[in-house]
*Asks:* 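Structure below; questions to follow.
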Amino acid sequence: MKVMMRRNAAGVLSVYVPKKDLEEPVVAQEKPDLWGGTVTLANGWLLSLPEMAVDTRLPITVEARKVGSD
């Protein structure tokens with residue numbers, strides 16, 4: 001699914017899912033550099049993110065895969 005990753009002025013990373021009109025903060029991430037791992041959203045969703053360069057600038061729209069939820 002297409003998701004938009006962005007960081008707000010306070011530095012909080014969030015994910016917006018346009019098809020669901022859902023925006024949730026990231027509460028945990030598998031890799032410190034974000035890309036190529038999974039992130040856990042506040043609603044319990046677990047998303048797998050694509051491999052990208054560490055210096056990729058946000059906001060960016062990427063293809064993520066939902067791999068689970070709490």
Side-chain angles (χ1 to χ4, degrees):
M1 75 177 82
K2 297 275 187 197
V3 301
M4 184 176 77
M5 309 284 300
R6 66 179 167 192
R7 200 173 295 277
N8 68 14
V12 176
L13 185 64
S14 67
V15 174
Y16 176 67
V17 184
K19 285 197 170 210
K20 303 281 186 185
D21 192 28
L22 171 77
E23 183 164 11
E24 291 287 332
V26 172
V27 295
Q29 58 191 66
E30 178 183 13
K31 295 187 175 182
D33 61 355
L34 185 66
W35 305 112
T38 59
V39 294
T40 304
L41 306 184
N43 68 353
W45 286 14
L46 187 64
L47 299 178
S48 176
L49 300 178
E51 288 282 346
M52 298 184 82
V54 175
D55 60 352
T56 301
R57 297 184 65 179
L58 299 177
I60 188 169
T61 300
V62 298
E63 186 70 30
R65 191 169 49 98
K66 185 176 174 188
V67 291
S69 60
D70 289 341

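Atom set for the values below is all heavy atoms of this structure, side chains included, hydrogens, waters and symmetry mates excluded. Numbers for residues simply follow the sequence, beginning at 1.
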*Asks:* Hey, what do you get for CG (N43) to CD (E24), rounding to the nearest 0.5 Å?
*Replies:*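 It comes to 4.0 Å.
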*Asks:* Group every Ile, Leu, Val, Met, Phe, Trp and Tyr by side-chain heavy-atom contacts under 4.5 Å, then state whether V27 and W45 land in the same group.
*Replies:*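 Cluster IDs for V27 and W45 differ.
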*Asks:* Check whether any side-chain heavy atom of V15 lies under 4.5 Å from a side-chain heavy atom of L47, and answer yes or no.
*Replies:*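 With C-beta onward as the side chain, the pair touches.
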*Asks:* L46 vs V39, test: side-chain contact (heavy atoms from CB on, under 4.5 Å). Steps then yes/no.
*Replies:* CA-CA 6 Å; L46 187 64; V39 294; over 6 Å; no
*Asks:* Just how far is it from atom CG of L34 to atom CE of M52, taken to the nearest 0.5 Å?
*Replies:*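 Nearest 0.5 Å value for the CG-CE distance: 9.5 Å.
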*Asks:* Please name all residues satisfying side-chain contact (heavy atoms from CB on, under 4.5 Å) with S48, sequence neighbours left out, ordered by chain then number.
*Replies:*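 Here the qualifying residues are T38, R65, V67.
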*Asks:* Quick one: list whatever passes side-chain contact (heavy atoms from CB on, under 4.5 Å) with A9, sequence neighbours left out.
*Replies:*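 With neighbours one apart ignored, the set is empty.
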*Asks:* Name all pairs fulfilling the side chain to side chain donor-acceptor pair (under 3.5 Å) condition that reach into residues 14-23, sequence neighbours left out, sorted by first residue then second.
*Replies:*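 Counting only pairs at least two positions apart or across chains, the side chain to side chain donor-acceptor pair (under 3.5 Å) contacts touching residues 14-23 are R6-E23, S14-E23, Y16-D21.
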*Asks:* With N8, which residues qualify under side-chain contact (heavy atoms from CB on, under 4.5 Å), at least two apart?
*Replies:*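 side-chain contact (heavy atoms from CB on, under 4.5 Å) check on N8 returns A10, V12.
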*Asks:* Does any pair with a residue in residues 42-61 pass salt bridge (charged side-chain N to carboxylate O under 4.0 Å, His left out), and if so which ones, sequence neighbours excluded?
*Replies:*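 Listed by first then second residue: K31-E51.
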*Asks:* With sequence neighbours excluded, what pairs up with K2 under the salt bridge (charged side-chain N to carboxylate O under 4.0 Å, His left out) test?
*Replies:*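 In terms of salt bridge (charged side-chain N to carboxylate O under 4.0 Å, His left out), with neighbours along the sequence ignored, K2 is linked to E63.
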*Asks:* With a 4.5 Å heavy-atom cut-off, do W35 and V62 have their side chains touching?
*Replies:*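 In short, these two side chains touch, coming nearer than 4.5 Å.
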*Asks:* Are M4 and L49 co-members of a hydrophobic cluster defined by side-chain heavy atoms under 4.5 Å apart?
*Replies:*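 Different clusters: L49 never reaches M4 through Ile, Leu, Val, Met, Phe, Trp or Tyr contacts under 4.5 Å.
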